[in-house]
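Working notes, structure below.
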Amino acid sequence: QVQLVESGGGLVQAGGSLRLSCAASGRTSSTYHMAWFRQGPGKEREFVATIIRGGTLTKYADSVKARFTISRDNAKNMVYLQMNTLKPEDTAVYYCAATSESLWGVAASFYNYWGQGTQVTVSS
């Protein structure tokens, strides 16, 4: 099993940047595909970005492509989400997720471990 703890959320003005971190403990994170999801007020949880075990492949939601970057440091059991040019519509609770399955995808159902989330608020 793996435990996930997110950090780095906060309040930022539109156009600003934040870097979210996800610390993984338990089994080494290099055995997991990792992802970020978010849930805005009154909205369903949605996919943001994912990175394959070895870190060589990534996928992004169209809404964040070219603004957000997911990365991982397997030696430190960390996953990051660099968020630039933030918009008010990026306001949400951001969740780190992991899957031990061999399949790699963007659906929440692929991921069997979740963190508690970190709030990101973007003011206009």
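Note that this is a predicted model, so its numbers are computed, not measured.
- Tyr80 is linked by a ring-ring contact (aromatic ring centres under 6.0 Å, His included) to nothing, counting only residues two or more places apart in sequence or in another chain.
- Between Asp62 and Lys65 a salt bridge is recorded (basic side-chain N to carboxylate O distance below 4.0 Å).
- Under the 30°/60° scheme for interplanar angles, the aromatic rings of Tyr94 and Phe68 are found to be tilted.
- Atoms OG and CG, from Ser100 and Asn112 in turn, are 4.5 Å apart once rounded to the nearest 0.5 Å.
- Linking ILVMFWY residues whenever their side-chain heavy atoms come closer than 4.5 Å, directly or via other members, places Tyr60 and Val79 in the same cluster.
- A distance of 9.0 Å separates CD1 of Ile51 from CG of Leu57, quoted to the nearest 0.5 Å.
- Between the side chain of Gln82 and the backbone N or O of Arg19 there is no donor-acceptor pair closer than 3.5 Å.
- The shortest heavy-atom contact between Trp36 and Ser21 is CH2-O, 3.7 Å.
- Between the side chain of Glu6 and the backbone N or O of Gln116, at least one donor-acceptor pair lies under 3.5 Å.
- With a 4.5 Å cut-off on side-chain heavy atoms, Arg45 and Trp114 count as touching.
- Separating the OG atom in Ser102 from the CZ atom in Phe110 is a distance of 9.5 Å, to the nearest 0.5 Å.
- Within the 3.5 Å criterion, the main-chain N or O of Asn84 finds no donor-acceptor partner in the side chain of Ser17.
- Rounded to the nearest 0.5 angstrom, Ile70 CD1 and Thr50 OG1 are separated by 5.5 Å.
- Considering every non-hydrogen atom in both Arg38 and Ala92, the closest pair reads CB-CB, 3.8 Å.
- The nearest pair of heavy atoms linking Gly105 to Tyr111 is O-OH, 2.6 Å.
- Put simply, the side chain of Arg53 gets close to the backbone of Thr31: a donor and an acceptor are under 3.5 Å apart.
- Atom-to-atom distance recorded for Thr118:OG1 and Leu81:CG is 11.0 Å, nearest 0.5 angstrom.
- Under the 30°/60° scheme for interplanar angles, the aromatic rings of Phe37 and Phe47 are found to stand perpendicular.
- Residue Ala14 comes nearest to Ser124 through the heavy atom pair CB-CA, 4.3 Å, listed as atom of the first residue, atom of the second, then distance.
- For Tyr95 (side chain) and Ala35 (main-chain N/O), no donor-acceptor pair under 3.5 Å exists by modelled atom type.
- His33 and Trp104 have tilted rings, their planes meeting at an angle from 30° to 60° on a 0 to 90° scale.
- A pairwise comparison of heavy atoms in Thr99 and Leu103 identifies CG2-O, 4.4 Å as the closest pair.
- Tyr32 and Val106 are assigned to two separate hydrophobic clusters, defined by single-linkage of ILVMFWY side chains at heavy-atom distances under 4.5 Å.
- Considering every non-hydrogen atom in both Ala98 and Val2, the closest pair reads CB-CG1, 4.2 Å.
- Between the side chain of Arg72 and the backbone N or O of Ile52 there is at least one donor-acceptor pair closer than 3.5 Å.
- Proximity of a side-chain donor or acceptor of Thr121 to a complementary backbone N or O of Thr91 within less than 3.5 Å is not detected.
- Without hydrogens or angle criteria, Arg67 side chain to Thr85 main chain gives a donor-acceptor distance under 3.5 Å.
- In this structure, CE in Met34 is found 11.5 Å from OH in Tyr113, a value given to the nearest 0.5 Å.
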